[in-house]
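Structure first, commentary second.
Chain letters run A, B, ... following the sequence lines, proteins first, then strands; residues in each count from 1.
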2 protein chains.
Amino acid sequence: MVMRKAPRLEKSDWERAAVEALAKGGVTAVAVEPLAAQLEVTKGSFYWHFSDREALIAAALARWEREETIEAMALLSRISDPRQRMTQVLRSGFVGRLGGSVDAALLADAADPIVAPVLQRVTAARLRYTTTAFRALGFRGRAASQRALITYAAYVGHFALQRAAPRLLPRGTAAASYVEHVVATLLARP
Amino acid sequence: MVMRKAPRLEKSDWERAAVEALAKGGVTAVAVEPLAAQLEVTKGSFYWHFSDREALIAAALARWEREETIEAMALLSRISDPRQRMTQVLRSGFVGRLGGSVDAALLADAADPIVAPVLQRVTAARLRYTTTAFRALGFRGRAASQRALITYAAYVGHFALQRAAPRLLPRGTAAASYVEHVVATLLARP
DNA sequence: GTTGATCCATACGCTACCGTATGGTCATGC
DNA sequence: GCATGACCATACGGTAGCGTATGGATCAAC
């Protein structure tokens, strides 16, 4: 039986694994030796690619921030109708089982000096975008930013609930009905 | 100089400290030796009061669950008008700077087998209560539970945002205006 | 004032993880 | 075919935290 030797790793392999770990257990889970075991190498490999653990965490955060932005843009840019777009986002909010798990995990580490600025940037960008979306829907002045804040809070809250008590969230046809209700409620004119 | 000897600790002292740690850093922060140092004793004290670290975590979670319930009841029972009550809760949601920090921290540890059932119970109870509140406001059938879910998700989301980017939340007079907008939006008839 | 229970300190071994030092392997250029 | 650099394993010392063992200390009761 011919065992093909495992190919060597590159920096990005470590980064990908780190992002995964980030989603599962936050910054604490980005641990060198466990990740090495998972990648079936030793930390000898790691310390060749990175200076130390902190560098990996920073790289993972940067990678997540970039991917998250790209992904969001890809999802949103193909839908022109603002209302449809909002529906789609909210739907992905809690139908997508894995979506936002990095978000949720990072919140616990918000006090971490490496995490804080990333979280700040991502949150600010999303809020800006949402506010713009509400302006496009005809909301004016404070109403746009305020409604955007409610909406984004609810969006984030669904991620939290999905972790805390997934059984309490609607599923199947009830989920579809719920999304409609959410959209109707949050897009209703003041 | 007369140094009054520090009084001895009881179980509840450890529990209180553990709840605090829980709020700051989640389950990971409930560590025996650091807590002992903070309480200015050694772990010799701890292992007299508790069998092991897990017992402390369980006790802290139980204590939080109990206090959280009592506190919520105390806050809500003195307000009879449903609308006023909802306003008060949402106001405390992000004006109270420290409120819900255990919530936020626990979400990251939702996968933990000790944490999961507690989180499940607390979430379920709050959602039940909120649904009842919407019924009292005239919402019927699905509308009540659906609106309750949005509301609670937004409520939780504000805790998250407060951690992720407190600077992006309205403050002062803007906060008051925002709460009104939230109440108007979420209590609007379908 | 001795005894017994309560509460805590000290000292120890164990594990997990970080970071370093050093040498080994493998491909590639020449 | 060998030299160089890229990539990785092994082995080591260091720290933090868990849990145990054991011996004080303190106080109440009698």
- Message: Suppose we screen for ring-ring contact (aromatic ring centres under 6.0 Å, His included). Which residues come up paired with Phe50(A), at least two apart in sequence or across chains?
- Response: Phe46(A)
- Rounded to whole Å, CH2 of Trp14(A) lies from C1' of dC18(C) at a distance of 13 Å
- Message: Both Glu10(B) and Ala31(A) contact DNA chain C. Which one's nearest nucleotide lies toward the 5' end?
- Response: Glu10(B)
All N/O pairs under 3.5 Å across the protein-nucleotides 14-16 of chain C interface:
none

- Item | Contact list for DNA chain D against residues 47-58 of chain A - heavy-atom distance below 4.0 Å | Trp48(A), His49(A)
Scan the side chains in residues 166-177 of chain A for donor-acceptor partners under 3.5 Å anywhere in the protein, sequence neighbours excluded, and list what turns up.
residue   : atom : partner   : partner atom : Å
Ser177(A) : OG   : Gln146(B) : NE2          : 2.8

- Sequence neighbours excluded - salt bridge (Lys or Arg N to Asp or Glu O under 4.0 Å) pairs with any residue from residues 17-38 of chain B: Glu33(B)-Lys43(B)
- Message: Which residues pass the side chain to side chain contact (heavy atoms under 4.5 Å, CB included) test with Ile79(A), not counting sequence neighbours?
- Response: Gln84(A), Arg85(A), Gln88(A)
- Take the protein atom CD of Glu40(A) and the nucleotide atom P of dC7(D), then report the distance between them rounded to whole Å. 19 Å
- Task: Quick one: list whatever passes side-chain hydrogen bond (donor to acceptor under 3.5 Å, both in side chains) with Thr123(A), sequence neighbours left out.
- Result: none
- Query: Going from CZ on Arg163(B) to CG on Leu107(B), what distance comes out if it is rounded to the nearest 0.5 angstrom?
  - Reply: 9.5 Å
- Query: Rounded to whole angstrom units, what separation is found between the CG atom of Leu39(A) and the P atom of dA9(D)?
  - Reply: 11 Å
- Contacts of Asp13(B) meeting side-chain hydrogen bond (donor to acceptor under 3.5 Å, both in side chains) (sequence neighbours excluded), chain-then-number -> Arg16(B)
- Output the distance between atom CG (Leu119(A)) and atom CG (Leu106(A)), rounded to the nearest 0.5 Å. 6.0 Å
Below 3.5 Å between N/O atoms, which protein atoms pair up with nucleotides 21-23 of chain C? Just atom names and distances, please.
none

Under 3.5 Å, which donor-acceptor pairs do the side chains of residues 55-73 of chain A form with other protein atoms, sequence neighbours left out?
residue  : atom : partner   : partner atom : Å
Arg63(A) : NE   : Glu67(A)  : OE2          : 3.3
Arg63(A) : NH1  : Glu15(A)  : OE1          : 3.0
Glu65(A) : OE1  : Arg121(A) : NH2          : 3.0
Glu65(A) : OE2  : Arg121(A) : NE           : 2.8
Glu68(A) : OE2  : Arg126(A) : NE           : 3.0
Glu68(A) : OE2  : Arg126(A) : NH2          : 2.7
Thr69(A) : OG1  : Glu65(A)  : O            : 2.7

Side-chain donor-acceptor pairs of residues 108-116 of chain B under 3.5 Å, sequence neighbours excluded:
residue   : atom : partner   : partner atom : Å
Asp109(B) : OD2  : Val27(B)  : N            : 2.9
Asp112(B) : OD1  : Ile114(B) : N            : 2.8

- Note on the structure: Residues at least two apart in sequence or cross-chain that pass side-chain hydrogen bond (donor to acceptor under 3.5 Å, both in side chains) with Thr131(A), listed by chain then number, are none
- Task: Would you kindly compare Leu9(A) and Val32(B) by the position of their nearest DNA chain D nucleotide and give the one closer to the 5′ end?
- Result: Leu9(A)
